[in-house]
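Residue numbering restarts at 1 for every chain, and letters A, B, ... go by the order of the sequence lines.
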Amino acid sequence: MLTASEYARVFERPQRASDRWFTLLWRANGRGKSRLGLAISKKNCRRAVDRNLIKRMVRESFRRHRGRLPAVDVVVLTRRGIDVADRTIIRESLQRHWQRLSLLNVEPAGE
RNA sequence: GGAGUCGGCCGGAUGAUCGCUGCCACGGUUCCACCAUGGCGGAGGAAAGUCCGGGCUCCACAGGACAGGAUGCCAGGUAACGCCUGGGGGGCGCGAGCCCACGGAAAGUGCCACAGAAAACAGACCGCCCGACCACUCUGCCGGCGGUUCAUCCGGUGGUCUCAUCCACCGGUCGAAGCCGGCGAGUGGUCGGGUAAGGGUGAAAAGGUGCGGUAAGAGCGCACCGCGUCGCUGGUAACAGCGGCGGCAGGGUAAACCCCAUCCGGAGCAAGACCAAAUAGGGGGACGCUGGCGCGAGCCUGAGGUGUGGUCCGCACUGUCCCCGGGUAGGUCGCUCGAGGCGUCCGGCGACGGGCGUCCCAGAUGAAUGAUCAUCCCCGACAGAACCCGGCUUACAGGCCGGCUCCCACU
RNA sequence: GCGGGUGUAGUUCAAUGGUAGAACAGGAGCUUCCCAAGCUUCUAACGUGGGUUCGAUUCCCAUCACCCGCU
């Protein structure tokens, strides 16, 4: 996702799912493919190195699961404690999120 | 071999596949955008903290002064600095070496708790010394009175045999106790003076040590050191050395106010420049409209139009078109060739400067480095560019190189 | 990117450069048949590291943590 207005459209009327590490907000976009947005707050993750690392991991994981996802705009938010979590745990958490998202029936993007 | 100190450097490596991103080339459609293929790149020594200094951009500005802030031994380096280099001075360390906001307290103001006699301006609590007086004590000295016994000594006379010796007597000398007077010493007290050596308090109380000197003392005198001042010499200078003179000024604190010298305009790439939808509003022009008022700009009124509604009534809204400028969303530039890196030569103790050669080495903008696999090792710390650069500071697994110092052992 | 503020007992706050204090909380005791309240008493702190000073919570520098503002 590229612009502030696209993010705002998701935050306006999102569907959501969360676990200990991440909160995912999504909304159908009617474009025929899924798009990713990141919101890694400085409050939950103080060091720039950790924020960049999490963004890389989310991007890579999204890239590998993208083919099975419905046509939604999804925004990934972090929760507190993410900066001290183990990498493999974060990776598994992301995989569960994508699998769950791919099984959902997403209603078309009605305004 | 051990301990230490200073300086420099590295910050996992290699390969394969799938991805992300910038530029270039050639294509896919004609340009842009986008896509494909190929090539070349793609986080740090601190990218960090934002503590200083500059470049760049915009705003302001004749010059000066005040206010405010910063800096503060000297010289140099630099675009500049609160940085660096070299030197001086002080402190610490056996040493290599390390540390220092290191101008001014005879311009003024403030503060210095407790203790102490006294904390800033010269004084004096104890003590020491001198003098006077009073009281007491005492051995000592002098003079007078007194004068016993013994011994000594001197002189005389006599005896024994001249002398010597011995004996006796006389005189003198000496002389105990006691009394009187004077002197002296000591102790205590009062008063008057002289001292700042010593004691004690403190972080700090009118230089230090020694000798002389003195009633006791004192730079009172002298020597050395310290201080001040003058001169000479060395040094660009800070400063150092030597010599003369002065016996000696006068507490500390300026990271308390302050004084002196030097420097500083303000903001920051979200600076700034440009392009520019939709909606509302501003300016200008043209056109259109029932009636009324007005010379006119215009005002009032309705009609007309749009929406609601099956239709009428009703209700709500309302000139149309074109141009201009500001400007929001959004976008483009600024944006990386630079006080640049590497190599080499020259100048300089050095920081650094100069010449030549060579290289182009991140430029994102919801913000790029990841995933999987293989091999190796010491199994990988602190940590992610956001306009750029020079410093400082802070964080950091492990490792490499070099200089120097101290100790131990052996040769 | 720029700028400001605050760190003191377990908590909330004070304090001219000269012994760090108050309230609440906690412990012990008294009081009560017991509890509460009350009374007495005790414990406990200057974020960290340097420097200036005789002496620093206070002054200066650095650093760490937290909070806030502008764009």
> Say you pick atom C1' in B/G82 and the same atom in B/G234; how far apart are they, in whole Å?
Replying inline: 34 Å

> C/A62 and C/U52: how far apart are their C1' atoms, nearest whole angstrom?
Replying inline: 15 Å

> Is it true that A/D73 and A/R35 have a side-chain N and a carboxylate O under 4.0 angstrom from each other?
Replying inline: yes

>> Each nucleotide in nucleotides 365-372 of chain B should get exactly one letter: B, S or -. Can you fill that in based on protein heavy atoms under 4.0 Å?
In response: -BSSSBSS

>> Checking base pairs now: Watson-Crick or wobble, both atom distances under 3.5 Å. What partners B/G307?
In response: B/C315

> Between atom CZ in A/R47 and atom P in B/A395, what is the gap in whole Å?
Replying inline: 16 Å

>> Give me the distance, rounded to whole Å, that separates B/A362 from B/C24 when you measure between the P atoms they each carry.
In response: 16 Å

> Which nucleotide, in any strand shown, forms a Watson-Crick or G-U wobble pair with B/U187, with both distances under 3.5 Å?
Replying inline: B/A135

> How would you label the glycosidic angle of B/G44: syn (within 90° of 0) or anti?
Replying inline: anti

>> What's the gap between C/C64 and B/U50 when it is taken at their P atoms, as a whole Å value?
In response: 9 Å

>> Give me the distance, rounded to whole Å, that separates C/U11 from B/C264 when you measure between the C1' atoms they each carry.
In response: 47 Å

>> Taking only the C1' atom of each, what is the distance from B/C92 to B/G243 in whole angstrom?
In response: 35 Å

>> Checking side chain to side chain contact (heavy atoms under 4.5 Å, CB included) between A/W21 and each of A/I89, A/I54, A/T78, which is the one that passes?
In response: A/I89

> Based on Watson-Crick and G-U pairs with both distances under 3.5 Å, what dot-bracket line describes RNA chain C 5' to 3', crossing pairs as [ ] and inter-strand pairs as |?
Replying inline: (((((((..((((....[..)))).(((((.......)))))....(((((..]....)))))))))))).

>> Could you tell me the Watson-Crick or G-U partner of B/U17, where both distances fall under 3.5 Å? Say none if there is no partner.
In response: B/A371

> Okay, side chain of A/N52, backbone of A/K55: is any donor-acceptor separation there less than 3.5 Å?
Replying inline: no

> Is a side-chain N or O of A/R27 found less than 3.5 angstrom from the main chain of A/Q15, in a donor-acceptor match?
Replying inline: no

>> Counting only Watson-Crick pairs (N1-N3 plus N6-O4 or O6-N4) and G-U wobbles (N1-O2, O6-N3), all under 3.5 Å, who is the partner of B/G147?
In response: none

> Yes or no on side chain to side chain contact (heavy atoms under 4.5 Å, CB included) for A/R66 and A/R63, after CA distance, side-chain angles and deciding distance?
Replying inline: CA-CA 5 Å; A/R66 193 176 187 181; A/R63 186 178 70 84; 5.8 Å; no

>> Partner lookup for B/C295, please. Criteria are Watson-Crick or G-U wobble with both distances under 3.5 angstrom; report none if nothing qualifies.
In response: none

> Under the criterion side chain to side chain contact (heavy atoms under 4.5 Å, CB included), which of A/V10, A/V72, A/L69 is the partner of A/W26?
Replying inline: A/V72

> Paired with B/U328: which nucleotide, if any, by Watson-Crick or G-U wobble criteria at under 3.5 Å for both distances?
Replying inline: none

>> With the 90 degree cut-off around zero defining syn, does B/A43 come out syn or anti?
In response: syn

> Hey, mind stepping through A/L38 and A/R59 against side chain to side chain contact (heavy atoms under 4.5 Å, CB included) and telling me if it holds?
Replying inline: CA-CA 9 Å; A/L38 293 167; A/R59 284 201 195 94; 3.8 Å; yes

> Using the P atom in both, what is the distance from B/C392 to B/C9, to the nearest Å?
Replying inline: 12 Å

>> Suppose we define a pair by two distances each less than 3.5 Å, Watson-Crick or G-U wobble; what does B/G171 pair with here?
In response: B/C154

> In whole Å, what separates the P atom of B/A47 from that of C/C2?
Replying inline: 16 Å

>> Need the glycosidic conformation of B/C361: syn if within 90° of 0, anti if not. Which one?
In response: syn

> By side chain to side chain contact (heavy atoms under 4.5 Å, CB included), which residues pair with A/A48, not counting sequence neighbours?
Replying inline: A/R51

> How far does CE of A/M57 sit from CD1 of A/I90, to the nearest 0.5 angstrom?
Replying inline: 5.0 Å

>> Taking pairing as Watson-Crick or G-U wobble with both contacts under 3.5 Å, can you name the mate of B/G202, or confirm there isn't one?
In response: none

>> Would the distance check show the side chain of A/S102 and the main-chain N or O of A/Q99 forming a donor-acceptor pair, the cut-off being under 3.5 Å?
In response: yes

